[in-house]
Protein chains: 2
Amino acid sequence: MTQPDMPTPPWERPPKRRTPARVPLTRERIVDAAYTVLDREGYDRLSMRQVAAELGVAVSALYVHVRDKDELLQLMYNRTFEGYEVPEPDPERWREQVMDFARQARERLLSHRDMAKITMGQVPFTPELLPYVERLLAVLGAAGLPRRVLAISGDMLSTYINGFALEESLWQQRYRETHTSWHKLRDEVNEYFASLPPDRFPNLVALADIMVDESNDYRFDLGVEIILRGLASYIGEPDPDEEGKESGEG
Amino acid sequence: MTQPDMPTPPWERPPKRRTPARVPLTRERIVDAAYTVLDREGYDRLSMRQVAAELGVAVSALYVHVRDKDELLQLMYNRTFEGYEVPEPDPERWREQVMDFARQARERLLSHRDMAKITMGQVPFTPELLPYVERLLAVLGAAGLPRRVLAISGDMLSTYINGFALEESLWQQRYRETHTSWHKLRDEVNEYFASLPPDRFPNLVALADIMVDESNDYRFDLGVEIILRGLASYIGEPDPDEEGKESGEG
DNA sequence: TCCTTCGGATGAACAGTGTTCAGAGTAAAG
DNA sequence: CTTTACTCTGAACACTGTTCATCCGAAGGA
């Protein structure tokens with residue numbers, strides 16, 4: 001796609017084109033290149049120099065458009081959730097709506113290698129993402145959650161989603177570094193748990209087959225479901241007080 | 001405390017001491033120094049060179065005892081949870097036991113600056129931590145959770161705890177970089193949410209006062225409580241199947 | 001047409017990073 | 001007293017993020 005950068009022959013007057021040959025550098029193009037590098041090299045090797053090389057440009061040129069590497073990461077973070085769709089709140093279907101929200105978020109986090117690592121380094125409330133937080137709160141609010149539960153539920157869900165995705169990418173990294181196939185790593189971890197001394201680790205041994213062997217999709221969904229049930233249990237209750245430890249449902 | 005490194009005078013024969021003057025470098029001492037640097041400088045400035053300087057030793061000396069920076073981080077990770085106490089499972093009090101477990105974990109993560117960042121870069125099952133995972137599973141298993149729920153609950157809790165602590169340390173970092181007091185930052189964030197256009201962000205505006213203003217302790221506990229209720233709702237139920245979306249309790 | 005202006009792009013430089021390696025130094029072993 | 005084993009040193013390599021004086025080329029004014 002890139003124009004080969006050949007010198008103009010002396011006999012041919014360079015055309016005075018209004019459109020410059022060099023596509024001008026923009027934030028958009030820089031973020032694009034950053035994603036390319038991220039997917040190819042991974043987070044640890046995502047450097048300003050690599051991004052510049054990807055664009056065929058000097059490193060310092062990037063700093064005209066971007067204050068920091070940190071700012072670049074933030075731009076990537078924002079782009080990942082661009083056009084995120086959160087439905088109109090429907091009190092009847094709030095569970096499915098939240099589940100969809102969570103699945104969509106995870107999908108986007110996994111759509112680029114190591115994206116979760118970038119997300120985790122970012123304070124979760126950037127202006128660009130506020131609309132999505134707002135809509136999630138609308139969905140949860142329509143379900144009838146008490147104020148205080150509502151206030152932390154958004155944070156909670158995103159913490160879980162990000163944490164889960166991060167763990168996934170950590171496993172992927174380990175697999176990339178040491179193994180040839182993901183199944184092989186999974187089997188080995190599986191075996192490892194199963195081979196622990198049963199007298200000291202009865203539970204880990206007993207659960208070895210499903211601790212790792214279950215599909216990540218299933219484990220993710222079940223985790224969200226657990227949170228959903230927890231949230232649902234507050235519907236109709238008054239706001240929990242400062243010592244929110246009791247209140248039955250055992 | 002450190003011995004001043006004076007040359008031995010020529011008239012005084014150096015005592016043939018069995019105990020060497022230079023305290024020998026060990027993994028323990030390296031980890032100690034790493035913690036000192038971490039607390040003083042933060043994660044971003046925790047470098048092998050800083051650790052070596054803290055010990056008054058060449059950088060390359062560290063690599064005799066530690067394979068990698070990554071291994072050093074893992075050692076710090078393990079040390080943080082050394083001597084963690086998980087009680088004997090008591091089916092009657094499993095909720096409080098899990099809550100204690102979570103609080104203790106958070107406390108340890110906050111006991112050293114940026115510790116959560118290190119934790120998040122580590123695959124959660126190192127051999128040293130398996131006993132604690134095992135005991136947590138014992139507590140949860142005694143409560144009567146179905147197998148599949150039990151298998152992911154440990155992971156879930158640690159994901160939440162780590163994620164929460166990480167977010168706390170991110171805020172602390174932001175506060176350190178820009179503000180003079182934590183209260184001031186909190187008030188500003190508070191104000192920011194309250195000043196959003198109410199027509200576009202009704203929920204965020206309405207919840208502004210408790211989104212940030214609540215104490216972190218309270219928000220943390222409530223989050224754990226939500227997970228506990230979610231888990232509790234599975235007691236007595238059969239194992240959820242692959243499509244675990246339904247099953248009442250709305 | 002020339003000249004000036006000015007913002008984007010350059011290359012070199014600075015201070016720092018993780019990691020390696022040949023070679024000192026020292027202590028125990030033979 | 002020599003040999004061996006092993007910790008530790010200093011220098012080096014290949015990187016990193018970031019800054020800065022310099023240069024180029026297009027736009028606007030005369």
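Order of the sequence lines sets the chain letters (A, B, ...), proteins ahead of strands, with each chain counted from 1.
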* **Touch class at under 4.0 angstrom, heavy-atom based, for Val59(A) against every strand present** => base

* Asked: Can you tell me if the side-chain N/O atoms of Ser60(B) get under 4.0 Å from OP1 or OP2 in dT20(C)?
  -> no

* Are His65(A) and dG7(C) close enough that a side-chain N or O sits under 4.0 Å from OP1 or OP2? -> no

* Asked: What do you reckon, is CZ of Arg200(A) surrounded by more than 12 foreign heavy atoms closer than 6.0 Å?
  -> no

* Tell me, yes or no, whether the heavy-atom count around Arg45(A) atom CZ, taken from other residues, nucleotides or ligands under 6.0 Å, exceeds 12. => no

Starting the side chain at C-beta, find the nucleotide from [options] nearest to [X].
X: Arg49(A); options: dG11(C), dT17(C), dG17(D); result: dG17(D)
X: Tyr63(B); options: dT7(D), dT19(C), dG17(D); result: dT19(C)
X: Ser47(B); options: dG17(D), dT10(C), dG18(C); result: dG18(C)

Whole-Å distance separating the [atom1] atom of [X] from the [atom2] atom of [N]:
X: Arg45(A); N: dA14(D); atom1: CZ; atom2: P; result: 15 Å
X: Lys69(B); N: dT19(C); atom1: NZ; atom2: C1'; result: 12 Å
X: Asp44(B); N: dT16(D); atom1: CG; atom2: C1'; result: 13 Å
X: Glu41(A); N: dC15(D); atom1: CD; atom2: C1'; result: 13 Å
X: Gln50(B); N: dG18(C); atom1: CD; atom2: C1'; result: 14 Å
X: Asp68(B); N: dT20(C); atom1: CG; atom2: P; result: 7 Å
X: Arg27(A); N: dG8(C); atom1: CZ; atom2: C1'; result: 15 Å
X: Met48(A); N: dG16(C); atom1: CE; atom2: P; result: 20 Å

* To do: Check the pair Glu168(A), Arg219(A) against salt bridge (Lys or Arg N to Asp or Glu O under 4.0 Å), reporting the backbone distance first and the verdict last.
  => CA-CA 11 Å; Glu168(A) 285 185 283; Arg219(A) 299 196 314 128; over 6 Å; no

* **Pair Asp217(B) + Arg106(B): basic N to acidic O under 4.0 Å** => yes

* **Glu28(A) with Arg79(A): basic N within carboxylate O range, under 4.0 Å** => yes

